[in-house]
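The next block holds one structure in the form of C-alpha cells; read it before the comments.
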Amino acid sequence: MFAGLNDFIGVWQLSREISHDDASDASFTGHARFIPKQDGLLYHETGQLQIEGQSAVNAERRYFWRPAGQGAIDVFFDDGRAFHRIDPTRPEDTHFCDPDTYIVRYRFSDWPEWQANWRVSGPKKSYRLTSLYKKL
C-alpha cells in the first residue's frame, strides 16, 4: 500500500483495456508520469490507443492529484474541475458526468503495482476500463 501522494512520483508503465458494451474494444499502452507541481502532482499519460479494426493513434491525458487529508487524494481534470477521490480506506468513488455515471474502484494490494477499474454507464456511454500501473 502506498504511504502518501509522493509514493506515486516518477514514471509508471501503463496498460489499459477498454471493453465497450456496444462498440469495438480498445487498448492503450504507454507511460504515466507523476510530476511534483504546486501543492500536488501533475499526472500525464502518453501512449498508443488501439481500437479494434483501426490503426493505432497517439493519445494522452492530464490530471492533477492533490492530497486531501488522512491519506486520501483528490483528482482534478486538467482544467481544475473536480473528478473523484482516492481514499485508501474506501477505494471506490463515483463521478456523475450528466447523463452518465463513472464508478471507479482502485486496487493497491500488490503495491507498487496497482489498478484502476472503471464502470461507465448511461445513455451515452457504456463500457468497462481497467488500467494497470507498474513502477519503472
Side-chain angles (χ1 to χ4, degrees):
M1 174 64 77
F2 67 94
L5 188 64
N6 287 341
D7 287 350
F8 291 93
I9 293 173
V11 181
W12 299 76
Q13 179 182 337
L14 171 57
S15 60
R16 178 175 294 135
E17 296 298 324
I18 306 162
S19 299
H20 291 93
D21 293 347
D22 59 356
S24 296
D25 291 341
S27 61
F28 174 91
T29 55
H31 296 94
R33 288 173 173 77
F34 289 86
I35 304 160
K37 184 176 179 187
Q38 299 167 355
D39 60 344
L41 298 177
L42 172 65
Y43 170 100
H44 182 208
E45 70 178 45
T46 56
Q48 294 280 307
L49 176 66
Q50 177 69 57
I51 300 172
E52 284 182 3
Q54 299 181 26
S55 297
V57 296
N58 292 328
E60 69 178 302
R61 70 171 62 166
R62 289 181 174 88
Y63 297 108
F64 188 72
W65 289 29
R66 189 174 328 168
Q70 298 187 4
I73 299 166
D74 283 335
V75 180
F76 296 86
F77 291 105
D78 63 351
D79 65 4
R81 292 176 297 131
F83 185 21
H84 69 282
R85 177 169 281 187
I86 302 168
D87 183 340
T89 64
R90 279 191 61 231
E92 185 175 303
D93 201 8
T94 301
H95 172 75
F96 184 68
C97 185
D98 192 21
D100 301 312
T101 302
Y102 293 67
I103 299 172
V104 63
R105 179 155 185 84
Y106 286 93
R107 186 174 61 82
F108 297 106
S109 58
D110 295 325
W111 184 264
E113 183 176 295
W114 54 283
Q115 281 188 9
N117 300 294
W118 289 90
R119 175 66 179 131
V120 181
S121 59
K124 290 187 175 183
K125 297 176 184 173
S126 185
Y127 62 89
R128 294 183 186 277
L129 182 148
T130 300
S131 298
L132 176 62
Y133 297 82
K134 295 180 181 181
K135 185 79 173 196
L136 292 181

- Task: Working to the nearest 0.5 Å, report the span between CD1 of Ile18 and CZ of Arg128.
- Result: 14.0 Å

- Phe2 meets the ring pair (Phe, Tyr, Trp, His ring centres under 6.0 Å) criterion, sequence neighbours left out, with Phe8, Phe108, Trp111

- Item | Shared hydrophobic cluster, Leu136 / Trp12 (ILVMFWY, side-chain heavy atoms < 4.5 Å) | no

- Any residue meeting salt bridge (Lys or Arg N to Asp or Glu O under 4.0 Å) with Asp79, in chain and number order, not counting sequence neighbours: Arg81

- salt bridge (Lys or Arg N to Asp or Glu O under 4.0 Å) with Glu92: which residues, sequence neighbours excluded? Arg105

- Item | Taking every non-hydrogen atom, the tightest pair across Arg66 and Asp39 | CD-OD2, 3.3 Å

- If every non-hydrogen atom of Leu41 is compared with every non-hydrogen atom of Leu5, which pair is closest and at what distance? CD1-O, 3.3 Å

- Task: Check side chain to side chain donor-acceptor pair (under 3.5 Å) between Thr46 and all other residues, then give those that pass, not counting sequence neighbours.
- Result: none

Side-chain donor-acceptor distances from residues 30-37 under 3.5 Å, at least two apart:
none

- Message: According to side chain to side chain donor-acceptor pair (under 3.5 Å), who are the partners of Tyr43, at least two apart in sequence or on a separate chain?
- Response: Glu45, Tyr133

- Can you tell me if Asp74 uses its side chain to pair, donor with acceptor, with the backbone of Trp65 under 3.5 Å? no

- Query: When rounded to the nearest 0.5 angstrom, what distance separates CG in Asp21 from OG in Ser121?
  - Reply: 9.0 Å

- Query: If you measure from CZ on Phe77 to CZ on Phe64, what distance do you get to the nearest 0.5 Å?
  - Reply: 15.0 Å

- Note on the structure: OG of Ser15 to NZ of Lys134, rounded to nearest 0.5 Å, is 6.5 Å

- Item | Ser131 to Leu129 - nearest heavy-atom pair and separation | OG-CD2, 3.5 Å

- Query: Would one find more than 12 heavy atoms of other residues, nucleotides or ligands at under 6.0 Å from atom CZ of Arg107?
  - Reply: yes

Under 3.5 Å, which donor-acceptor pairs link side chains of residues 48-58 to any protein atom two or more places apart or in another chain?
| residue | atom | partner | partner atom | Å |
| --- | --- | --- | --- | --- |
| Gln48 | NE2 | Asn58 | OD1 | 2.2 |
| Gln50 | NE2 | Gln54 | O | 2.4 |

- Task: May I ask whether Val75 and Ile9 are part of the same hydrophobic cluster, defined by side-chain heavy atoms of I, L, V, M, F, W, Y residues being less than 4.5 angstrom apart, directly or through others?
- Result: yes

- Note on the structure: Minimal heavy-atom distance between Ala82 and His95, with the atoms involved, is O-CE1, 3.9 Å

- Item | side chain to side chain donor-acceptor pair (under 3.5 Å) involving His84 - partner list, sequence neighbours excluded | Tyr106

- Is there a donor-acceptor contact under 3.5 Å from the side chain of Arg119 to the main chain of Tyr127? yes

- Item | Contacts of Asp100 that satisfy salt bridge (Lys or Arg N to Asp or Glu O under 4.0 Å) - sequence neighbours left out | none

- If you look only at pairs with a residue in residues 1-12, which of them pass as a salt bridge (charged side-chain N to carboxylate O under 4.0 Å, His left out), with sequence neighbours excluded? none

- To the nearest 0.5 angstrom, please state how far the CG atom of Leu132 sits from the CH2 atom of Trp114. 9.5 Å

- Message: Once ring pair (Phe, Tyr, Trp, His ring centres under 6.0 Å) is applied, do any residues pair with Phe28, and if so which ones, sequence neighbours excluded?
- Response: none

- Note on the structure: Of all heavy-atom pairs linking Pro88 and Gly71, the shortest is CD-O, 3.4 Å

- Message: With clusters defined by side-chain heavy atoms of hydrophobic residues (ILVMFWY) lying less than 4.5 Å apart, directly or transitively, does Leu42 cluster with Tyr63?
- Response: no

- Residues that Asp98 engages under salt bridge (Lys or Arg N to Asp or Glu O under 4.0 Å), provided they are two or more places apart: none

- Message: I want to check something: taking the side chain as every heavy atom from C-beta on, are Asp93 and Asp87 in contact at a cut-off of under 4.5 Å?
- Response: no

